[in-house]
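Note that the structure is a prediction, hence the values are computed from the model and not measured. In what follows, chains carry the letters A, B, and so on, assigned in the order in which the sequence lines appear, proteins first and then strands, with residues in each chain numbered from 1.
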Amino acid sequence: MSWKGNNQKLHTKFEDDVPKNEVLNTPEYNDEVTSTEVNKSKKRKRKKKTSNDLEAKDQENQTNISKDVNIEISNGNDLTVESPNSKQVKSIDQEDRKIHKLPKVNNKKPKISTKLKTNGNGKPKTVNFFSDDEEEQRDGRGIELSKESRILKSKQLLKIRETLPIYKSKDEIISKLQKERVTILIGETGSGKSTQIPQFLLPLNKKSIAVTQPRRVAAINLATRVAEEAGSALGDKVGYSVRFDNKTTHHTKLKYLTDGMLLRELMVQSSLPEYSTIIIDEAHERTVLTDLLMGFLKELLTKRNDLKLIIMSATLDAEKFSKFYNDAQILYVEGKMYNVDRLYLGEPVEDIVDASIKSIVQVNNGELEGDILVFLPGQEEIDKCVGLLERIAPGLPREAPLIVPLPLYAALPPVEQAKVFLPLKARRRKVILATNIAETSITVPGVRYVIDSGLRKVKVWRHQLGLSTLLTAPVSKASSTQRAGRAGREREGKAFRLYTEDDYGKLPNQTEPEISRSNVTSPVLMLKRAGIDDILNWSWLEHPGQESLLSSLTQLYQIKALDDQGKITKLGLQMAILPLEPQLSAILLNAYETGCLTQVVDIVSCLSVDNLVMNPQSESRDEVNEKRLSLCILGSKYGDLLMLKELLDFYIQFDNSRERQQWCKELSLSFRGFKNVLRVRNQIRQYMIMLTKDQHLFDEDEEIGNKPMDISSVLKAFLIGFVSNTAIGMPDRSYRTTASGQLISVHPSSMIFGKKADAIMYTDYVYTTKGYARNVSVIDLSMLQEAGSHLLASKTKV
DNA sequence: GAGCACTGC
């Protein structure tokens, strides 16, 4: 690879037939070529080695991998835990906006050694790794501790907590937080802000404290950790609340919850009377839900004088948050990250897969021990790299460690994902090829080198066309800093950026907030439910744009969630309560009226679970497709929605989970996905019983079992929500959308791919190489006309 | 005849 300041050039693309020496160059990274960032960070005092995993990890959203994977850790594998060096806390004062240094605290570091537990017989204990099944996760944590041992544990943990940088400035932080109603708290990774700040405030709050997280696993892990620190049983003083799992009681004073859950609480009681302090964590991620929360809370602050708000963020975008809350004070807390050298290419590359491979080989040949994490935009690039690496690895020089390539992306089966956590034999080096999932959601231990393509995939909603596109786009500076930081979690590391320093300079500072490129139909319905009439002038942290809002209002009017005055209807209120997209809620409510609710709940539940029907491996693709077609008689005739219903029926019929698992494997379906489908189904049923006040709503169907279903009613119900997602068949087997006349193709993964139909309805329309309809059903023209009359009528009114 | 980043209720 040719890096800046290095005359070596890329001559050929890396291919199988390229002579090995072409790629086996000795490393040519030029350490002198560093960014201003690096120079700056080099000037900072080098930090001493710390590997206090417990404290560092509770700041990160450790992810669920599989509960199925048992990982054995060999005996005698001691973890040496050292506390961080003395740290400073800087604060930006509200009046002069200058950075003040808080007093430095000298801190002698106690050395704590933690031995991994054994089973008493000297054999290593089997450690269960991250499960996202909370039931089993709790089991994995062992027996409930007695009150005495909880207090003892809490005292032990206090020693570690006291070494955290944030602990040193406890009093000062508390007094600053007490003075103001809103605080923006910037804390670097590992500062301990998510675990410590809420505990500092606990004695000062009359009511409860809520801490929101973008991901459920983060909420659960933080609550578990903080409960231990506080000597509380989980769910007692400290608890959590996420979908399908609530570990709180009326005693709970500190509650970690997903931001979706807090929004749901807002929908029920707009003043959130339970809480006296609300902390929004990970605000820099700017998810749609966090953005919405921040808007709602801004309005709530004017109504509730006793409410305090803390916005926690990892990057320096504090100004925007501060301005939004009328120049709120900003506090800055330093974390404990190691220095990461950043190296750039001298010239831009065209082929990112080729460049990645070459860099991996170079790093492997020339750098000290430590794993390599490669950020690539998507599955396609990752699979290519893995394939190439597997071929060349055995032929690489013996002096260098053997490369073990490991893919990591969300659609990968959990067992495969978990492999990145497995320890390797000596003289081997993990090369983890990951999407953005490794940027925030999954923290891989042992990484010392990051190779960053500077690219990611991003879904962009085009409200004019009613379709989403999936684009490969450059990341932001904040994102590339975050990626580089993955190399500095345990010791000093290096980040190799597969772009020039010039190109880095051209990147946007922050990632564009999700809300400005998303379909906002659901957020708009939430606002309407909260009684906000003037959607266009609401306190948006980021305004989604007038056109996007108007298109959402039209959508909501079409599904009868809003009346022609733009007021929320009785139906709309019910839709806002259901934990689904408004379109799917509308479909359910219609199905209730027409008597096919049970079937529609089943299908909607399947639609709510990602990666349920997986893409079979290419070698078994035809076989699996054949099996699915012959098994799903209705699906092969009417399309994917009915296939889902048939698959779920089959799944339920099996007696035990072993059979279910086997069956899923044969048809390339997600076993875990189906378990989730059943949870979603149960939840939706409960909601429907609540809305209809009919306790016996689903009783009859349970008794009769599989009564023949009225296919026409089911499809008609779906047309209520997806009438604008329809297309008419043309003589040449293509389809044109009814909404805009665009050419659209049935996605080859669909049951009705290659079949001829008069008209189709689809739940997704994604533009990749061309416009594809996914989750496709065959419908009658007469059905479409019937449903379309409502659409036409609505168009003349709006 | 294609291949989709990541979350949440």
Note to self: Given B:dC4, B:dC9, B:dA2, identify the nucleotide with an atom nearest to the side chain of A:R774.
What the structure shows: B:dC4
Check: Are the side chain of A:T212 and the backbone of A:D259 linked by a donor-acceptor contact shorter than 3.5 Å?
Finding: no
Notebook entry, point to check: Is there side-chain contact between A:V374 and A:V450, with at least one heavy-atom pair below 4.5 Å?
Noted result: no
Notebook entry, point to check: Between atom CD1 in A:I752 and atom P in B:dG1, what is the gap in whole Å?
Noted result: 16 Å
Note to self: Between P on B:dC4 and CG on A:D383, what's the gap in Å once rounded to a whole number?
What the structure shows: 11 Å
Note to self: Categorize A:N615 for me: base, sugar-phosphate, or nothing, with a 4.0 angstrom heavy-atom threshold over every strand shown.
What the structure shows: base
Check: Which sits closer to the 5' end of DNA chain B, A:E581 or A:S749, going by the nucleotide each is nearest to?
Finding: A:S749
Check: So what does A:R286 hit on the nucleic acid, given a heavy-atom distance under 4.0 Å: a base, only sugar-phosphate, or nothing?
Finding: nothing
Note to self: I need the CZ-C1' distance between A:R264 and B:dG8, as an integer number of Å.
What the structure shows: 10 Å
Next item on the list: Assess whether side-chain contact (heavy atoms from CB on, under 4.5 Å) is satisfied between A:F674 and A:L647, documenting all intermediate values.
Entry: CA-CA 10 Å; A:F674 270 111; A:L647 290 178; 4.1 Å; yes
Note to self: Main chain of A:S194, side chain of A:D281: is a donor-acceptor contact present, judged purely on distance under 3.5 Å?
What the structure shows: no
Check: Which nucleotide sits closest to the side chain of A:R243: B:dC9, B:dC6, B:dC4?
Finding: B:dC9
Next item on the list: Please report, rounded to the nearest Å, how far the C1' atom of B:dA5 is from the CD atom of A:E285.
Entry: 14 Å
Next item on the list: Can you run down the salt bridge (charged side-chain N to carboxylate O under 4.0 Å, His left out) pairs that involve residues 467-484 of chain A, sequence neighbours left out, and say none if there aren't any?
Entry: A:E439-A:R483, A:D452-A:R483
Notebook entry, point to check: Tell me, which of residues 514-523 of chain A have any heavy atom that sits under 4.0 Å from an atom in DNA chain B?
Noted result: none
Note to self: Is there a side-chain contact between A:T258 and the phosphate of B:dC9, meaning an N or O under 4.0 Å from OP1 or OP2?
What the structure shows: yes
Notebook entry, point to check: For the pair made of NZ in A:K459 and C1' in B:dC4, what is the distance, rounded to whole Å?
Noted result: 8 Å
Checklist line | Atom-pair distance (CE on A:M261; P on B:dT7), nearest Å | finding: 19 Å
Next item on the list: Using heavy atoms to find the nearest nucleotide of DNA chain B for A:P579 and A:Y409 separately, return the residue whose nucleotide is more 5′.
Entry: A:Y409
Notebook entry, point to check: Roughly, in whole Å, what's the span from CG in A:N246 to P in B:dC9?
Noted result: 12 Å
Margin query: Strictly below 4.0 Å: does A:T435 bring a side-chain N or O up to OP1 or OP2 of B:dC6?
Written below: yes
Notebook entry, point to check: Is any N or O donor-acceptor pair between the side chain of A:R621 and the base of B:dG1 shorter than 3.5 Å?
Noted result: no
Check: So what does A:L580 touch, heavy atoms closer than 4.0 Å: a base, only the sugar-phosphate, or nothing?
Finding: base
Note to self: List the residues meeting ring-ring contact (aromatic ring centres under 6.0 Å, His included) with A:Y765, not counting sequence neighbours, and say none if there are none.
What the structure shows: A:Y762
Check: Taking the side chain of A:L289 as heavy atoms from C-beta outward, which of B:dG8, B:dA5, B:dC6 is closest to it?
Finding: B:dG8
Note to self: From the set B:dG1, B:dC6, B:dC4, return the single nucleotide nearest to any side-chain atom of A:P748.
What the structure shows: B:dG1
Item checked: A:Y275 side chain to A:E265 side chain, donor-acceptor N/O pair below 3.5 angstrom -> yes
Item checked: Identified side-chain hydrogen bond (donor to acceptor under 3.5 Å, both in side chains) counterpart of A:H747 within the set A:S749, A:S750, A:S745 -> A:S749
Margin query: Heavy atoms only, 4.0 Å cut-off, all strands: where does A:F753 land among base, sugar-phosphate and nothing?
Written below: base
Check: Would you say A:R216 reaches B:dC9's phosphate, i.e. side-chain N/O to OP1/OP2 under 4.0 Å?
Finding: yes
Checklist line | Touch class at under 4.0 angstrom, heavy-atom based, for A:N611 against every strand present | finding: nothing
Next item on the list: Scan A:R456 against the nucleic acid and name what it touches under 4.0 Å (heavy atoms): base, sugar-phosphate only, or nothing.
Entry: nothing
Item checked: Any A:Q683 side-chain nitrogen or oxygen under 4.0 Å from OP1 or OP2 of B:dC9 -> no
Item checked: Length of the line joining A:E380:CD and B:dA2:P, which is rounded to integer Å -> 12 Å
Margin query: Please pick, from B:dT7, B:dA2, B:dC9, the nucleotide with the shortest atom-to-atom distance to any side-chain atom of A:H747.
Written below: B:dA2
Notebook entry, point to check: Do any N or O atoms from the side chain of A:S476 and from the backbone of A:T511 form a donor-acceptor pair under 3.5 angstrom?
Noted result: yes
Margin query: Checking contacts here: which listed nucleotide (B:dA5, B:dG3, B:dG8) is nearest the side-chain heavy atoms of A:R215?
Written below: B:dG8
